[in-house]
Amino acid sequence: MIKLSDRTYHGLVLDPFQEKALDAIDAGKSVIVAAPTGTGKTLVADYLVEKVMAEGRRIIYTAPIKALSNQKYKDYKELFGVQKVGILTGDVVLNSEAPLIIMTTEIFRNQVITNDPALESVSYIIFDEIHWLNDEERGTVWEESIILAPSHMKLLGLSATIANAQQLVEWISTIREEEVELIQEHRRVVPLEYYYFTKDTGLVTYDKLWKYYRQRIKANESYEGSLFSPTNHIDLIKTIQKQYLPALYFVFSRKQCADKAAELASIMNYLKPGEKRQVEDAFLEHFGPESEWSPSTRLLRRLAVKGIAFHHAGLMPAQKVLVEELFLKRLIHVLYCTETFSVGINYPVRSVCFDSLNKFDGRNFRPLANHEFFQMSGRAGRRGLDEKGYSFALVDLNFMEKSPPPRFNINRLEPLTSQFKLTYNTVLNLQATLSYEQIETYFQKSFASYSNLQTHGQLIAELAELEAQFTAQGKYICQHVDSFACPVKYLPKMKELERLKKAYKALGPRRQNRIYGREMARKIKNWEKLLAQAPQKCPKHKLTFCAEEEKEKRRLQKKMAEIRKELKGLPDDNFFLREFAYKKNQLIQMGYIRDEELLPRGECARHIYVQELLVTELIYSGIFDTLDDDQLNGLLAALDFEARKNDYFQKLPVLDWTPVQEIVSYIQSICGPEAVRYDPRVSIIVYSWSQGVPFSEVQRLSNLDEGDIISVIRRTIDLLRQMRDAVTDPALLQRLKTCMDKLDRDEASVLAL
């Protein structure tokens with residue numbers, strides 16, 4: 001295994017943080033490793049996996065996205081052999097009894113919340129990319145997984161640098177009642193340099209970029225045209241290609257990935273004839289005769305033979321695998337990719353490029369967060385190959401004032417925050433497995449509650465300190481400090497009175513007689529009475545001192561008001577418990593719970609993790625009996641699909657949606673409009689595929705990318721598998737298996753992934 005005497009593992013010399021992590025694992029502790037991307041966290045996981053398997057125990061490796069799960073499955077299969085490694089990603093289940101199981105975090109959460117007996121033999125759980133706890137959509141899954149992970153399991157969490165890693169570790173230690181070792185590394189083995197690029201400036205630092213911009217603006221104040229040359233990705237690649245390739249070029253648009261790769265390939269070629277042949281052979285090996293290739297495969301080949309490619313979620317699984325393989329063989333010199341390529345997948349390069357420092361988050365365009373920028377930049381710098389890694393960001397000087405590029409700071413990473421949300425599935429599973437007191441404890445264990453409690457304590461302490469400072473103000477000033485006998489207070493009020501008199505006079509006799517005029521007169525009279533006695537003169541130095549004191553008091557008052565507002569905005573201790581009771585009451589109304597026990601509908605829904613209420617109601621409605629198998633597959637596809645902005649589909653009849661809409665309206669009448677999501681338009685894709693229509697024809701039914709079509713089919717298979725675990729009727733069980741078999745074929749089969 002490992003020889004700590006010479007600090008090596010499989011011939012690799014250990015860094016101090018790796019050595020500390022391995023010592024903590026050998027001591028039987030749970031461990032969190034937070035280190036910059038590319039510093040070698042994976043070695044810690046590999047050591048743990050090898051150690052646990054050598055001891056004859058079982059281990060689970062969870063990852064946030066299927067692409068990373070699939071990669072880890074392939075990596076560990078090569079290391080340990082196909083019999084010792086299994087994978088569970090919902091739509092893919094292979095060798096589930098193996099000693100090492102790779103799974104998405106969602107699957108692990110589903111196992112722990114239902115008390116799956118399969119977990120009894122597992123001694124360790126690895127959470128790769130544990131900072132996904134911060135993810136708005138899926139952070140809840142991570143939080144529930146950590147809270148509910150059985151006490152006999154130890155944890156290894158791997159993460160990029162986290163601003164509040166200590167808080168995360170203290171939370172895990174508290175809820176699991178065990179010591180959790182935090183291993184932090186801030187230094188990169190291959191240091192990174194960050195540059196901005198425009199055609200006018202070349203590669204420059206942030207400060208030099210602004211200096212150039214201001215000098216140019218100042219020198220051309222009277223010029224009305226565009227002062228700066230437009231800059232595009234070709235300009236940047238041409239600048240860096242002699243010294244800084246291979247490069248990842250991040251683009252926050254799938255279409256732009258392919259378009260930009262094609263643009264570059266029209267003028268550049270990075271491969272020698274022998275390398276070009278290797279690429280051509282790899283395409284033939286993966287996809288068979290060229291006559292059978294899809295248009296996107298032909299496009300990829302045209303680019304790849306020049307050492308250029310693109311990679312995004314819309315590619316077919318086989319296409320992504322081939323691009324990744326060619327990249328690892330150093331046959332791809334420039335890879336245009338979306339953000340997901342930076343998550344976990346270990347493909348280091350010499351440099352990383354950003355086409356933009358703004359991204360669309362589903363609602364708005366916003367600047368990249370610090371942690372996003374450094375996660376992606378962290379791919380730059382190959383250990384043992386590069387002295388430095390480089391990050392280059394494309395900037396348009398014509399928009400510098402309106403939309404200045406962000407200045408990123410590794411020391412100002414955003415802290416992890418809880419994204420905990422309560423689903424109906426969680427309510428049902430907690431009701432089924434825990435007592436009321438245990439449910440209360442469960443919510444108190446959430447990272448949200450822990451953070452709120454800490455924040456509450458910090459704010460109370462800060463408020464007490466400010467109140468003490470406020471009380472101390474004026475201690476050394478005369479007794480008139482807060483009255484109009486003090487010039488500091490008297491003079492500003494006198495000026496205000498003069499302005500009011502002037503405004504009153506300007507009204508004229510007629511308007512002075514109206515209500516607001518009379519109100520102004522009353523105010524003037526009161527103020528004249530208050531200010532009748534002019535204050536005594538004060539020495540100038542004392543006046544200055546009093547003015548400063550008054551200013552400080554106002555600052556303290558403002559700060560205290562902000563803290564009180566923040567305290568008021570914090571959820572109280574029983575926030576989640578109240579939400580639990582509210583959702584539970586809705587489930588009682590719907591016939592899922594009675595007398596604290598789950599009824600058949602509730603028992604069914606606790607095993608469904610996608611649109612659990614709608615799926616359960618459909619199962620019990622009898623609608624399935626009116627549909628054939630292909631229509632049933634089409635219906636289920638609609639329940640787990642979120643369209644992108646410009647998606648469109650051919651409108652062809654699949655089934656009568658009226659009964660489905662009636663069920664949707666019924667659920668929404670009790671649980672609100674957010675409780676249900678479905679999109680009938682996508683059904684035609686899965687319906688046609690289920691009928692045996694070839695993939696090339698299914699593609700013509702929408703503008704979805706090939707990879708998205710595969711994803712829709714595989715997610716439908718995943719939902720069918722969940723339903724199979726949830727129902728007991730033998731006829732329905734057999735039917736669900738038949739439906740799965742009709743979808744699990746050709747391009748969408750497990751073997752193709």
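The structure presented is a predicted model; accordingly, all values stated were derived computationally and were not measured.
- At most 12 non-hydrogen atoms from other residues, nucleotides or ligands lie less than 6.0 angstrom from CZ of Arg277.
- Contact check on Asp259 versus Lys255 returns a salt bridge, with a Lys/Arg side-chain nitrogen under 4.0 Å from an Asp/Glu carboxylate oxygen.
- For Glu280, the side chain to side chain donor-acceptor pair (under 3.5 Å) partners two or more places apart in sequence, or in a different chain, are Arg301.
- Among residues two or more places apart in sequence or in another chain, the side-chain contact (heavy atoms from CB on, under 4.5 Å) test is passed with Lys84 by Met53, Phe80, Pro99.
- Remark: Asn269 pairs with no residue by the side chain to side chain donor-acceptor pair (under 3.5 Å) rule, at least two apart or across chains.
- The closest donor-acceptor contact from the side chain of Arg176 to the backbone of Ala149 lies under 3.5 Å.
- Of the options Leu155, Ile25, Ile60, a side-chain contact (heavy atoms from CB on, under 4.5 Å) to Tyr124 is made by Ile25 and by none of the others.
- When the ring pair (Phe, Tyr, Trp, His ring centres under 6.0 Å) test is applied to Tyr244, the partners found at least two apart in sequence or on another chain are Tyr390, Phe392.
- For Ala393, the side-chain contact (heavy atoms from CB on, under 4.5 Å) partners are Tyr196, Phe354, Leu357, not counting sequence neighbours.
- Using a 4.5 Å heavy-atom cutoff, the side chains of Ile87 and Ile101 are not in contact.
- Ile308 CD1 to Arg302 CZ: the interatomic distance, rounded to the nearest 0.5 Å, is 12.5 Å.
- Taking a cutoff of 4.0 Å between a charged side-chain nitrogen and a carboxylate oxygen, Asp207 and Arg407 qualify as a salt bridge.
- Taking the centre of each ring, Phe373 and Tyr194 come in below the 6.0 Å mark.
- You'll find the ring centres of Tyr336 and Phe250 outside the 6.0 Å limit.
- Taken from OG1 in Thr338 to CZ in Phe252, the straight-line distance is 9.0 Å, to the nearest 0.5 Å.
- A 4.5 Å side-chain heavy-atom check between Thr8 and Leu14 finds every atom pair outside the cut-off.
- In this structure, OH in Tyr47 is found 12.5 Å from CD in Gln18, a value given to the nearest 0.5 Å.
- Partners of Tyr213 according to the ring pair (Phe, Tyr, Trp, His ring centres under 6.0 Å) rule, which considers only residues two or more places apart in sequence or in another chain, are Trp210, Phe228.
- A donor-acceptor pair under 3.5 Å links the side-chain atoms of Asn164 to the main chain of Leu416, judged by distance alone.
- Contact check on Lys41 versus Glu185 returns no salt bridge, with no Lys/Arg side-chain nitrogen under 4.0 Å from an Asp/Glu carboxylate oxygen.
- Under the 4.0 Å criterion applied to side-chain N and carboxylate O atoms, Arg254 and Asp708 are assigned as salt-bridge partners.
- For Lys306, there are no salt bridge (charged side-chain N to carboxylate O under 4.0 Å, His left out) partners two or more places apart in sequence or in a different chain.
- In summary, Lys74 and Glu78 do not engage in a salt bridge, as defined by a charged side-chain N under 4.0 Å from a carboxylate O.
- Contact check on Glu178 versus Lys154 returns a salt bridge, with a Lys/Arg side-chain nitrogen under 4.0 Å from an Asp/Glu carboxylate oxygen.
- Taking the six-membered ring where the residue is Trp, Tyr249 and His233 present perpendicular rings, their angle passing 60° and hence far from 30°.
- Side-chain contact between Cys353 and Ile240 is present, with at least one heavy-atom pair separated by less than 4.5 Å.
- Scored by the salt bridge (charged side-chain N to carboxylate O under 4.0 Å, His left out) test, Asp396 finds no partners at all (sequence neighbours excluded).
- Ring-plane geometry between Trp142 and Phe127 is classed as tilted, the angle between the planes lying from 30 to 60 degrees on a 0 to 90 degree scale.
- The existence of a salt bridge linking Lys359 and Glu372 is confirmed by a sub-4.0 Å separation between a basic side-chain nitrogen and an acidic carboxylate oxygen.
- Considering only residues two or more places apart in sequence or on other chains, Glu143 meets the side-chain contact (heavy atoms from CB on, under 4.5 Å) condition with Leu133, Ile147, Trp171, Ser418, Phe420, Ser446, Phe447, Ala448.
- Annotation: ring pair (Phe, Tyr, Trp, His ring centres under 6.0 Å) contacts of Phe310 (sequence neighbours excluded): His312.
- Under the 4.5 Å side-chain criterion, counting only non-hydrogen atoms from C-beta, Lys218 is not in contact with Arg216.
- Remark: Pro367 engages Asn358, Pro406 in a side-chain contact (heavy atoms from CB on, under 4.5 Å) (not counting sequence neighbours).
- The ring pair (Phe, Tyr, Trp, His ring centres under 6.0 Å) check on His371 picks up nothing, with sequence neighbours excluded.
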